[in-house]
2 protein chains.
Amino acid sequence: MRPTVHDIAAEAGVSLATVDRVLNGRPGVRRQTVERVEKAVHRLGYIRDLTAANLARRRIYPLVFIIPSGPNSFMRVLEAEIASAMQRSPIDRTSIRIETVPPFDPDAIVRVLDAIDPKTVTGVALVATDTEEIRAAVDRLIDQGVQVATLVSDLPGSRRVHYCGIDNIAAGRTAGNLIGRFCAGRSGKVLVVAGSLKLSDHMDRASGFAAVLEAEFPDLAIVGPVETNDDADTVGQAVGAALDADPAIVAIYNLGAGNRGLIEGIAARPARRLSVVAHEVTEHSRRALADGVFDAIINQDCGHEVRSAIRVLKAHADGLDPLSDQERIRIDIFLKDNLP
Amino acid sequence: MRPTVHDIAAEAGVSLATVDRVLNGRPGVRRQTVERVEKAVHRLGYIRDLTAANLARRRIYPLVFIIPSGPNSFMRVLEAEIASAMQRSPIDRTSIRIETVPPFDPDAIVRVLDAIDPKTVTGVALVATDTEEIRAAVDRLIDQGVQVATLVSDLPGSRRVHYCGIDNIAAGRTAGNLIGRFCAGRSGKVLVVAGSLKLSDHMDRASGFAAVLEAEFPDLAIVGPVETNDDADTVGQAVGAALDADPAIVAIYNLGAGNRGLIEGIAARPARRLSVVAHEVTEHSRRALADGVFDAIINQDCGHEVRSAIRVLKAHADGLDPLSDQERIRIDIFLKDNLP
DNA sequence: GCATTCCTGATTTACGTACCTCAGGAATTG
DNA sequence: CAATTCCTGAGGTACGTAAATCAGGAATGC
């Protein structure tokens with residue numbers, strides 16, 4: 001049988017109340033007594049029963065998700081995943097609130113972060129643009145004892161406890177490798193389309209992609225990156241213009257959003273034979289893959305990201321460390337055959 | 001506040017004991033009263049607090065994993081993942097036992113299955129070969145109220161509650177698609193290496209692969225499948241012999257184990273330019289991918305499979321249904337750039 | 001020497017559920 | 001009509017932990 005606080009009390013020769021004080025770091029225990037209890041804990045291999053503890057203290061974990069508003073499909077899928085996690089709140093003792101903020105607006109994020117009450121919120125997960133003010137606001141929250149995790153795009157240099165997302169440099173490299181191989185032998189140009197190079201994830205993908213092409217596929221030259229602010233129509237126009245202007249383009253890598261526009265741009269020029277790699281499985285990209293318009297999609301499982309964020313924030317709030325294997329978000333490659 | 005049994009009792013105008021009898025399906029309650037209670041449950045949206053319930057009944061979930069013994073790297077990794085899950089047993093209230101059985105020996109599996117005591121075991125996860133006797137033994141266990149899930153390889157036609165693994169036809173198709181694209185333009189032959197075509201997963205991969213090549217890459221002809229019983233040395237010899245005998249081979253798909261042998265066979269013939277796709281990330285295959293010997297690895301995340309099996313068995317034991325999204329095992333494609 | 005503070009023990013209640021016992025009324029059986 | 005069975009209520013204890021209260025002893029300060 002697993003040892004309980006009663007066993008610890010007996011083993012250490014102290015009362016239950018003292019064990020409780022030590023275990024929960026409350027004051028009022030002499031240093032020697034603390035050590036006696038800690039030794040007993042160690043000797044018996046005591047592990048606190050978190051479920052019983054949470055029951056006794058009627059604990060719930062109030063969490064806040066901060067994500068961009070706007071039409072970006074990926075973000076809306078993310079929001080749906082959060083909503084679906086909210087339905088399980090009674091089971092996993094969470095209380096989740098979603099805050100949407102205008103995209104590309106650091107100040108709005110800072111305002112939401114600063115409005116968070118550390119007394120009533122245990123954890124925050126946010127999709128952040130990489131700016132100094134946000135970094136500072138995150139660190140302020142951390143100082144107040146709130147657990148903060150970044151979602152989808154990281155905030156390097158901040159003290160966030162965890163990043164729930166993929167390594168975007170590696171994602172860019174993966175795209176480069178795919179396009180390089182799919183173009184096997186053909187030489188020509190690759191059009192790179194991005195949302196905004198001010199987003200660290202987009203920047204990372206672009207540089208990873210460029211590095212692989214340069215090192216391993218010298219016959220392919222990069223055109224771009226073209227910036228589109230993740231707007232589908234802008235993507236469509238940019239792609240159309242580039243294709244018309246440059247017949248040497250044999251491949252397209254869209255590392256940002258706006259796949260609908262990309263698909264339309266390609267569909268309008270059926271004579272071109274192109275290798276196309278894009279990001280994120282959404283309604284549009286899924287169909288494009290099935291139809292052979294896209295050759296591969298690089299994906300991050302945002303359901304996994306949301307569930308992982310919740311687990312990680314809870315674990316940190318309890319002073320545990322999460323399972324790194326389980327929380328690592330993979331860079332999924334989907335061809336039409338392994339689409340889930 | 002979430003409603004409790006007390007609220008249900010008050011709402012239904014019955015005593016706590018009666019609510020308890022209804023909720024736990026115990027006898028001694030008139031049909032009308034049962035309905036009154038059930039209506040109250042529904043009206044208040046009562047959800048039983050599983051953690052409190054498990055605490056009260058001191059519940060643990062005794063689980064058994066049945067996996068093949070022998071040197072197969074993938075199975076050893078699987079075993080390590082189970083061992084790692086065992087370390088978390090106190091936290092997730094499981095008690096896990098591993099039973100290893102000689103590979104390719106259906107009778108041994110049946111013996112282990114039949115030796116399971118339904119009174120002391122709530123769930124079983126097994127890596128099964130697809131035979132009639134095993135199917136029957138699984139169904140016997142199900143009839144005794146034991147939850148059974150298949151792991152890695154499914155048992156279609158049995159009444160197992162869940163399959164924790166990938167769609168192997170789709171995996172084979174994915175391999176076909178990759179090899180077809182990697183060989184872009186080159187025509188020639190593809191050597192297919194399998195462990196045993198009596199394993200349904202191997203059979204499925206082979207047929208998925210063949211279907212895609214035939215439909216989409218008619219310039220590539222299949223040689224094989226060669227059967228190797230998943231033995232690395234046999235794989236090495238078979239690959240060497242095939243390459244020496246047939247200079248038209250431009251690609252290899254190893255859909256089974258024994259990657260070490262495959263790597264050796266290829267390394268001994270450095271002049272050949274080959275596209276190679278294999279399964280499962282292990283120590284050997286990881287290095288081969290990094291070194292450019294393999295072009296891609298198709299993988300199933302066996303840590304995920306094990307954790308998923310545990311979650312699913314527990315959920316079914318509690319009469320809940322698991323999150324299908326979370327429990328779906330993806331067909332991972334790894335290039336050297338997105339290797340975790 | 002007395003009050004104050006600090007440390008500790010003892011005891012109790014609570015969390016939400018399971019499960020047990022006991023008692024009594026209603027309904028059924030003979 | 002008595003005996004039996006079925007249904008229900010009341011009440012309690014337990015699970016492992018948190019947290020509160022009260023009390024008493026030791027150490028400290030003045």
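Naming: A, B, ... by sequence-line order, numbering from 1 per chain.
Taking the nucleotide of DNA chain D with the nearest heavy atom to each of Gly13(B) and Arg93(B), the more 5' of the two is matched to Gly13(B). The nearest heavy atom of DNA chain D to Ala52(B) and to Ser15(B) marks one nucleotide each, and the one closer to the 5' end goes with Ser15(B).
Here Glu305(B) does not pair with Arg307(B) in a salt bridge; the nearest charged N to carboxylate O distance is not below 4.0 Å.
Residue contacts for Asp20(A): at a heavy-atom cut-off of 4.0 Å it reaches a base atom on one of the strands shown. The residue Arg21(B) sits close to a base: some heavy atom pair falls under 4.0 Å. As judged by a 4.0 angstrom heavy-atom cut-off over every strand, Asn24(A) is placed among residues touching the sugar-phosphate backbone only. In this structure, Ala53(B) reaches the sugar-phosphate backbone alone: every heavy-atom distance under 4.0 Å involves primed, P, OP1 or OP2 atoms, never a base.
Neither OP1 nor OP2 of dG16(C) sits under 4.0 Å from any side-chain N or O of Arg58(A). The phosphate of dG16(C) (OP1 or OP2) has no side-chain N or O of Thr4(B) nearer than 4.0 angstrom. Remark: Thr18(A) is in phosphate contact with dG9(C), judged by side-chain N or O atoms under 4.0 Å from OP1 or OP2.
For Leu55(B), taking side-chain heavy atoms from C-beta onward, the closest of the listed nucleotides dA18(C), dT17(D), dG16(D) is dG16(D). Candidate nucleotides dG9(D), dA14(D), dA18(D) were compared by shortest atom distance to the side chain of Ala56(B), and dA14(D) ranks first. Nearest to the side chain of Arg57(A), among dT17(D), dC15(D), dA19(D), sits dA19(D).
One interatomic measurement links the two molecules: CG of Asp318(A) to P of dA18(D), which rounds to 11 Å at whole-angstrom precision. To the nearest angstrom, P of dC15(D) lies 13 Å from CG of Asp49(A). To the nearest angstrom, P of dA19(D) lies 12 Å from CG of Leu23(A). Whole-Å rounding puts the Arg48(A) CZ to dC15(D) C1' distance at 17 Å. Here dC15(C) presents its P atom at 20 Å from CG of Leu50(A), a figure rounded to the nearest Å. One can place NE2 of His6(B) at 11 Å from P of dA14(C), the figure rounded to the nearest angstrom. Remark: P of dA19(D) and CG of Asn54(A) are 11 Å apart, rounded to the nearest angstrom. Rounded to an integer number of Å, the gap from CG of Asp7(B) to P of dC15(C) is 11 Å.
By the 6.0 Å and 45° rule, Arg76(A) does not stack over the aromatic ring of Phe74(A).
With contacts defined as side-chain heavy-atom distances shorter than 4.5 Å, the pair Arg21(B)/Val14(B) does not qualify. Residues Gln144(A) and Leu141(A) have side chains in contact (heavy-atom distance under 4.5 Å, counting atoms from C-beta outward). Within the 4.5 Å cutoff, the side chain of Leu126(B) has no heavy atoms near those of the Phe65(B) side chain.
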